[in-house]
Amino acid sequence: MDVIEEKDELHELIEDWLHHSDHVALVPTMGNLHAGHLSLVELARENAERVIVSIFVNPTQFDRVEDFDAYPRSLEKDCLRLRKLNVDAVFAPQLDGIYPFGLDDAARVVVPSLKDDFCGARHPGYFDGVTGLVARLFALVQPDVAVFGQKDFQEQLIVRRMTEDLNFPTRIITAPTIREDDGLAMSSRNQFLSDEERAAAPELYAMLSDIASEVQDGQQDYAALEEDGRSRLSEAGFDVDYVAIRRAENMQVPDRDCDEIVVLAAAMMGKTRLLDNVVVTI
Ligand code: AMP
């Protein structure tokens, strides 16, 4: 497995793969890998002859320098795990490899319609950070396929839109969320939960699943369901950001014809922000 830091080296490797007519799958990550990330890698492997994982803690996705600095970094350990999955290459660039003109003068890639709601409302500029990075990675790696997790539902939707709008020749695959035994979605952030917070955290997925069942059973008073969901989370000790029932296709308010619904929530458990969703076909 090649571990690559420099763009020139990446370019050579990709040229070689293309020369052999190999398809390339990219899995973008910020490292500190867990079983959720590894499932994305396995899905990538099923869809291309070559798999490349990027590991880059993207400063434009953080509101505060302290949070960027505190983000756990574990490149060596991550590479050991990826090697076992027969990943072909890890691309772990330095900051100036991704933003050669510096952060303030970096070209921006913005998807206006979705970026300021839900998670974007809490973190202005967050999704511009995502699209800016993913566009750069797509230009550098030129993947046939890129895999994103359903856990970050809004992110994969925005990436899909950007890919279509900018005509990147990349197929986006959305991978199912991998969970702990008690239902909590795996996340790099779970390690920040205290024992007590960790014990309460599964209520997020339990609540989403219950709402999803009610939607599936034909309950259509979505405002009441959302309100119940918020109350449940508050009772479990969460500070609720949002609980929302939306069209899975575009995160708009569902109308009568809608056949795929996403139930999403984000909430703080202590100092840790947890995020999850369930998709229902009706
Ligand atoms: P991150 O390193 O947190 O930026 O995540 C990299 C990718 O892994 C994103 O596409 C996430 O949606 C995905 N991911 C994170 N957690 C999970 C999980 N529990 N199950 C599946 N995919 C996940």
Side-chain angles (χ1 to χ4, degrees), residues 25-47 51-63 67-68 70-75 77-79 81-82 85 87 90-93 98 114 118-120 123 126-138 141 143 145-163 170-193 198 201-202 204-205 208-209 248 251 262 264-266 272-279:
L26 169 70
V27 182
T29 80
M30 296 214 289
N32 195 30
L33 304 181
H34 52 65
H37 298 112
L38 301 184
S39 74
L40 268 51
V41 172
E42 277 162 5
L43 205 51
R45 170 57 69 222
E46 287 167 23
N47 280 276
V51 175
I52 179 163
V53 176
S54 63
I55 296 183
F56 180 70
V57 182
N58 185 19
T60 60
Q61 284 170 243
F62 292 83
D63 291 338
D67 296 339
F68 170 70
Y71 197 85
R73 289 157 170 91
S74 51
L75 184 61
K77 206 168 121 211
D78 292 345
C79 287
R81 303 187 78 176
L82 294 173
L85 292 181
V87 165
V90 168
F91 178 48
I98 293 292
L114 289 169
F118 303 103
C119 289
H123 294 293
Y126 175 83
F127 287 112
D128 301 347
V130 171
T131 42
L133 174 64
V134 174
R136 284 171 169 80
L137 291 173
F138 282 8
V141 175
V145 174
V147 188
F148 293 83
Q150 185 194 313
K151 176 168 167 290
D152 296 282
F153 190 86
Q154 190 174 3
E155 174 173 299
Q156 58 84 38
L157 209 56
I158 288 176
V159 167
R160 278 176 184 278
R161 171 67 79 82
M162 176 197 79
T163 305
T170 301
R171 180 164 60 93
I172 306 298
I173 296 179
T174 302
T177 303
I178 303 298
R179 303 179 177 284
E180 304 287 356
D181 289 343
D182 58 12
L184 177 66
M186 288 192 182
S187 164
S188 312
R189 295 180 177 182
N190 294 349
Q191 67 196 76
F192 300 127
L193 296 168
R198 175 65 188 79
L204 180 60
Y205 178 59
L208 290 169
S209 303
M251 289 180 79
V262 59
L264 320 101
T272 309
R273 190 161 186 274
L274 299 179
L275 188 69
D276 206 347
N277 66 84
V278 173
V279 174

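For ligands, and for the atoms within them, numbers begin at 1 and follow the listed sequence. Please read these numbers as outputs of a predicted model, since none were measured by experiment.
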Peer 1: Any cation-pi pair here, R73 with F56, using under 6.0 Å and within 45°?
Peer 2: no

Peer 1: Under the salt bridge (Lys or Arg N to Asp or Glu O under 4.0 Å) criterion, do D276 and R179 qualify, and how do the steps go?
Peer 2: CA-CA 10 Å; D276 206 347; R179 303 179 177 284; 2.8 Å; yes

Peer 1: Under the salt bridge (Lys or Arg N to Asp or Glu O under 4.0 Å) definition, can you give me all pairs with a residue in residues 182-192, not counting sequence neighbours?
Peer 2: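 Every pair satisfying salt bridge (Lys or Arg N to Asp or Glu O under 4.0 Å) with a residue in residues 182-192: D182-R198.
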
Peer 1: Indicate whether the side chain of E180 and that of N190 have a donor and an acceptor atom separated by less than 3.5 Å.
Peer 2: no

Peer 1: Which pairs with one or both residues in residues 126-136 pass salt bridge (Lys or Arg N to Asp or Glu O under 4.0 Å), sequence neighbours excluded?
Peer 2: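 For residues 126-136: K115-D128.
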
Peer 1: For a quick check: using heavy atoms under 4.0 Å, what are the residues in contact with ligand 1, sorted by chain and number?
Peer 2: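 Residues P28, T29, M30, H34, G36, H37, L40, F148, G149, K151, D152, P176, T177, I178, M186 each place a heavy atom under 4.0 Å from ligand 1, listed by chain and number.
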
Peer 1: Under the side-chain contact (heavy atoms from CB on, under 4.5 Å) test, which residues partner T174, sequence neighbours left out?
Peer 2: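 So T174 forms a side-chain contact (heavy atoms from CB on, under 4.5 Å) with Q150, Q156, R160.
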
